[in-house]
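So you know, we letter chains A, B, ... as the sequences are listed, proteins then strands, and number each from 1.
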2 protein chains.
Amino acid sequence: MSDIKIRNMDEFAAVSGLSRPTVSKYFNDPESVRPRTRERIEAALERYDYTPNFFAVNQNRNVTKNIGIVVPNLSDPFFAEVSRGIGDLVAEAGYRPVLLGSRGDPEQEIDNLENLRLIKPAGVLMAPLGRVSDVEKLKKFCEDVPTVLFDSNIDGVGEAFVGSNNHTSIALIVEYLCRTGEPPCFFEMRTPANPNAHKRRAAYIETMERLGHKPHVLQAEGEGWDFEAIGFEAASELFAGRKLPTNTILCSNDRLAIGVLSAAYQAGLRVGHGAGCALRIAGHDDHPFSRYTCPTLTTVSQDYAAISENSVQRLLAMIESGIRPTAREVMYLDGRLEMRGSA
Amino acid sequence: MSDIKIRNMDEFAAVSGLSRPTVSKYFNDPESVRPRTRERIEAALERYDYTPNFFAVNQNRNVTKNIGIVVPNLSDPFFAEVSRGIGDLVAEAGYRPVLLGSRGDPEQEIDNLENLRLIKPAGVLMAPLGRVSDVEKLKKFCEDVPTVLFDSNIDGVGEAFVGSNNHTSIALIVEYLCRTGEPPCFFEMRTPANPNAHKRRAAYIETMERLGHKPHVLQAEGEGWDFEAIGFEAASELFAGRKLPTNTILCSNDRLAIGVLSAAYQAGLRVGHGAGCALRIAGHDDHPFSRYTCPTLTTVSQDYAAISENSVQRLLAMIESGIRPTAREVMYLDGRLEMRGSA
DNA sequence: CTTGAAAGTTTACGCGCGTAAAAAGTAATA
DNA sequence: TATTACTTTTTACGCGCGTAAACTTTCAAG
């Protein structure tokens, strides 16, 4: 490694014995130059460390190699996990992932998109806030930038959607619960942030009716993303008032279930499916901590890997072909039942 | 809002009736132009939406308004939380936070810094991986870019460090545990990723000896960041072998403690400080989920807010004064005992 | 009304690179 | 060896903005 500082592509072209346009071509696509030329450039790269100026490279492009990843909340372990996976895939494909969290705030969500627009991304992968999102602004953004939605769907926004099939996964766990004990009631937030919640409630009701049971929906008050706290508060009240219509609770998601588990513990209710248990509790999502709750949480796992892979793949296909599909593509992946200790 | 598209600063200067250099001056610092001029520009901004081209703006600067935030792992709720707070503060101060996670991988950590270098950040806030970090490369980066470390300290790296005082906070909880029951043993990973772990162990030993008790350190095997799993496995073996030297376990951090709690539950050991409890378990950090474990986890909370504020403040002071301090500044904040159900 | 500093305008150059066009060179085929 | 198709080089321009220098206008104070 030489100590001579290379200040720009001109100087680097000089030390590698080539012209700047050829070097420029190499950096845009190493395959586009003759193998021997490539070797010379790569040899020079070992001796002098040079990287094209990020800003100058992107200034003239109308699209860059940046791919935006926008999720509702980076503090939520689910989204932290998924966005990590997506970021990896994006980086492997030779793009630069730019990760942004919206903190549950629709204004922040739009801000994130505006910030992304500044860096002229090749495309965006986004898990929208859902119900509270500013749909018109989202649509406008998606007209300009190829966008794939994941996790929660908003009709007409983006070129594609990849997510879980709430209908089958809720059916899966409702059937399991009915088969192995009392039919469950359904525990959710009254004003859920995420549109999946509505689908899950609907799927619960439909499955219960199909099985000939009466559905019971319990709704917790509270806004925001502090799901454990909301679940805890509402469940504590339920337990104190002994208002539970059944001994089995299916929660709309694992974070609520974690709050409910905690409330049950503090109310002295033993949770599980064994002898001496007063209550069964199940969740949905297979949150990273679900396997370490007490008892471990029975839930439905979403196929994180498949969601990540499919959404990235769809976006890259659009970017690399340059073709925006005429019809919006929607893909639902099946969940898997995770039978653990709590139900 | 007019529909005329403004393509660049020249056009925007034209519609606002000013010259481009004046407009440029405004965007660099709105206070630097006469109030009347400012009004004209801001009026124009309402009619035509124009934002200076991000890449062109930064191309000529040798430092930008970007501030990098690098944490070991974005999937860890602790870092997710802290980096969210830091990002907010950075944004409030008029800078653009760029968040990067190193995934527990020292190479990724260096990669992150190299990527940051490309965008010429005004400064960087970093929680280093610690023991496994490539210290030489970190140092080199910190020579070029003003950097403040937080969470875990590496001597000689960065201009300042802000973190918790492990010594006092471990003393706090050890004293509490000794006062209210059997003296604790200390549960940690044999090869912890984070240097705080070593300080915590040392603080435990010293406090125990000061109080006239014999310290016991139990070490779990396992590498990586899957702390709950590592804690669970090791604790399960301990419980099965009945090898515990005391009925009180102080875990090096909350994530390990969550694993240990889960193992205790599955081993049928009742955890808590009440009658009929076989075991007390405590943690350290006040992880977001600690208040929802079963039982709730007694722990020491780190002062997230103060860590965020102080580290951001120190970095901004350096950036805005343009002065790199000659002496490295180190700041330790005290933790607070969170007495809950588990101990 | 004069004066002088502060603010704004004009003009001009540079940043580092993408990229187009024409010329020159290189490698495989006939 | 001549032909042909690629590659590479040369030359030149443009992107959008920062910024310096010299000049002109504005505005408040004397």
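Checking dT19(D), dG18(C), dG16(C) against every side-chain atom of Gln59(A), the shortest atom distance belongs to dG16(C). Across dG18(C), dT11(C), dC17(D), the shortest atom-to-atom separation from the side chain of Pro21(B) is found for dT11(C). Across dG16(C), dT26(D), dA20(D), the shortest atom-to-atom separation from the side chain of Arg34(B) is found for dT26(D). Here the nucleotide nearest the side chain of Ser19(A), chosen from dC17(C), dT10(D), dG14(C), is dT10(D).
Of the inter-residue distances, the one linking Leu89(A) atom CG with Ser311(A) atom OG reads 8.0 Å to the nearest 0.5 angstrom.
Closest-nucleotide positions on DNA chain C for Val23(B) and Ala56(B) were compared, and the one nearer the 5' end corresponds to Val23(B). Taking for each of Pro52(B) and Arg36(B) the nucleotide of DNA chain D with the nearest heavy atom, the 5'-most of the two is the partner of Pro52(B).
Proximity of Tyr50(A) to the phosphate of dG16(C): no side-chain N or O atom is located under 4.0 Å from OP1 or OP2. Residue Ser24(B) places at least one side-chain N or O closer than 4.0 Å to OP1 or OP2 of dG18(D). Within the 4.0 Å cut-off from OP1 or OP2 of dG8(C), not a single side-chain nitrogen or oxygen of Thr22(B) is found.
A straight line from CZ of Phe27(B) to P of dC17(D) spans 9 Å, rounded to a whole angstrom. Note: CZ (Arg40(B)) to C1' (dT25(D)) measures 12 Å, nearest angstrom. Atom pair Ile6(A):CD1 and dG16(C):C1' shows a separation of 14 Å (rounding to whole Å applied). Note: CG (Leu18(A)) to C1' (dT10(D)) measures 14 Å, nearest angstrom. At whole-Å resolution of the value, CG in Asn8(B) and P in dG18(D) are 12 Å apart. For Asn58(A) and dT19(C), the CG to C1' distance is 15 Å, given to the nearest whole Å. The interatomic distance linking Phe55(A) (CZ) with dG18(D) (P) rounds to 13 Å, in whole Å. Distance CG (Asp10(A)) to C1' (dA12(D)): 13 Å, rounded to an integer number of Å.
You'll find the ring centres of Phe27(B) and Tyr50(B) inside the 6.0 Å limit.
Put simply, the side chain of Lys65(A) never gets that close to the backbone of Gly94(A): no donor and acceptor are under 3.5 Å apart. Judged by distance alone, the side chain of Glu109(A) and the main-chain N or O of Leu129(A) form a donor-acceptor pair under 3.5 Å.
Residues Asp144(A) and Arg117(A) have side chains in contact (heavy-atom distance under 4.5 Å, counting atoms from C-beta outward).
Residue-level contact check: Asn28(A) touches the backbone only, with heavy atoms under 4.0 Å from sugar-phosphate atoms and none from bases.
Donor-acceptor pairing under 3.5 Å, judged by distance alone, is present between the side chain of Arg20(A) and the base of dG18(C). Side chain Asn53(A) to base dC17(C): no donor-acceptor pair is found below 3.5 Å.
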